[in-house]
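Contents: one structure, followed by commentary.
Computation of the quantities below employed the complete heavy-atom set of this structure, encompassing side-chain atoms and omitting hydrogens, waters and symmetry-equivalent molecules. Atoms within a ligand are numbered from 1 in the order they appear, just like the ligands themselves. Note that the structure is a prediction, hence the values are computed from the model and not measured.
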Amino acid sequence: MPSATSSPAVHRFDAGTIAPLRTRATSNERARALGAFRSVRAETERRAAPLGAEDQMVQSMPDASPTKWHRAHTTWFFEQFLLVPHLPGYRVFDDEFAYLFNSYYVAAGPRHARPQRGLVTRPDAARVGEYRVYVDAAVERLISTADDAQLGKVLRILEIGGHHEQQHQELLLTDVLHAFAQNPTAPAYDVDWRPPNCRQTPHGFAEVPDGIQAIGFSGEGYSFDNEGPAHRVFLEPARIARALVTNAQWLDFIADGGYATPSLWLSDGWAALAAEGWSAPGYWRKRNGAWWSLTLAGLKPVELSAPVTHVSYYEADAFARWAGKDLPSEAEWEVAAFANLLDGAFGVVWQWTRSAYAPYPGYRPAPGALGEYNGKFMVNQMVLRGSSHATPEGHSRPSYRNFFYPSARWQFSGVRLADHPG
Ligand SMILES: [Fe+2]
């Protein structure tokens with residue numbers, strides 16, 4: 001846990017060249033790894049289950065991917081980075097799949113253009129299902145047969161693959177919601193889906209511990225490489241909102257001309273507003289004078305007390321300026337989360353910060369293809385903290401750094417304000 005006095009422990013993720021972490025693995029470790037692997041793979045299929053073959057095919061914009069592609073790509077990840085190098089005699093399921101389902105790993109070979117993923121009708125969803133079963137069986141074989149010297153590395157890559165698949169589980173839902181939003185009939189992904197219960201205590205701001213603080217991942221458990229090394233930062237005095245910005249507050253912003261007042265907006269934000277025609281959060285629609293929102297449960301009235309969702313960084317920034325406040329920096333957010341100052345920090349909406357996505361001091365991507373996981377994206381994007389109601393169980397932590405382009409708003413992204421005395 002970060003504190004003002006502890007020196008930051010160095011935690012470095014080293015996926016490509018990790019020496020075996022354990023020289024002697026127990027059968028318990030194998031059983032635990034097997035259980036975790038089965039659980040994450042089943043969760044992907046559970047999320048895909050309400051979607052028919054046609055649903056799984058569609059790509060509604062270049063940033064979104066078809067469900068079928070998510071199911072296949074997460075499988076290719078295990079095949080490419082775990083089975084091919086570590087399971088003796090493994091034969092890939094289909095020689096064409098590496099080209100179709102590699103996302104952005106240049107070192108892993110050529111790949112299909114991202115904006116054209118929705119044009120790949122073959123393999124069909126059933127064939128992708130067979131691919132998953134084939135790879136699952138091979139991974140289970142590897143877990144049970146890897147010798148003790150190999151097992152540490154195998155388990156580490158297995159763990160990365162599991163966390164990678166969890167990231168795609170959230171994208172699967174955000175991407176299908178975007179696809180359904182293009183459909184005039186406003187389909188429901190799951191009619192029983194409900195927004196999270198978010199306890200919104202009376203509005204107010206809490207003092208963020210200031211001075212020298214430590215942020216970044218340290219200690220036990222999993223983290224992505226971009227969460228480290230843990231390091232010290234200096235925080236000026238700041239206050240952070242205990243609660244998330246609500247739809248009611250956003251309606252005030254709209255009513256006060258928030259989307260029609262250029263002085264509230266960054267130049268790039270105003271250009272994005274004009275180009276996209278923004279006048280409300282993503283998926284909001286006005287019917288008979290009332291606002292409705294397309295959710296995973298279909299079209300629902302906008303709930304006033306619920307946290308605003310599907311706003312871009314540009315909108316978050318404009319709202320903060322309108323409110324006479326700021327967005328928190330990611331360091332302020334993390335220190336405040338550790339100090340237990342934030343309601344709805346996790347499991348509701350991701351929260352935009354004012355921090356550009358950049359490497360922490362001392363960060364070095366691992367050598368090899370897996371080193372491309374995070375490091376090469378560290379420019380032109382903004383950090384979001386927390387997690388959303390679509391984030392899988394066990395995939396949230398205070399040091400987690402999500403990142404998106406400032407115009408992106410198809411994620412479950414919301415706003416928490418901060419205040420910096422001028
Ligand atoms: Fe991926």
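Note on the Fe ion (ligand 1): protein N/O/S atoms under 2.8 Å are His73 NE2, His164 NE2, His168 NE2.
By the salt bridge (Lys or Arg N to Asp or Glu O under 4.0 Å) test, Asp268 is found to be paired with no residue, residues two or more places apart in sequence or in another chain being considered. Taking Ser413 as the reference, nothing meets the side-chain hydrogen bond (donor to acceptor under 3.5 Å, both in side chains) condition, with sequence neighbours excluded.
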Only distances under 3.5 Å count here; give the side-chain donor-acceptor pairs of residues 78-88 to other protein atoms, sequence neighbours excluded, each with its distance to 0.1 Å.
residue : atom : partner : partner atom : Å
Glu79   : OE1  : Tyr131  : OH           : 2.8
Glu79   : OE2  : Tyr90   : OH           : 2.5
Glu79   : OE2  : Phe93   : N            : 3.1

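Arg354 and Glu332 are not joined by a salt bridge, as no carboxylate oxygen comes within less than 4.0 angstrom of a charged side-chain nitrogen.
The ring-ring contact (aromatic ring centres under 6.0 Å, His included) test with Trp250 is passed by exactly one of Trp291, Phe319, Trp322: Phe319.
Under a cutoff of 6.0 Å and an axis angle of 45°, Lys325 and Phe205 form a cation-pi pair.
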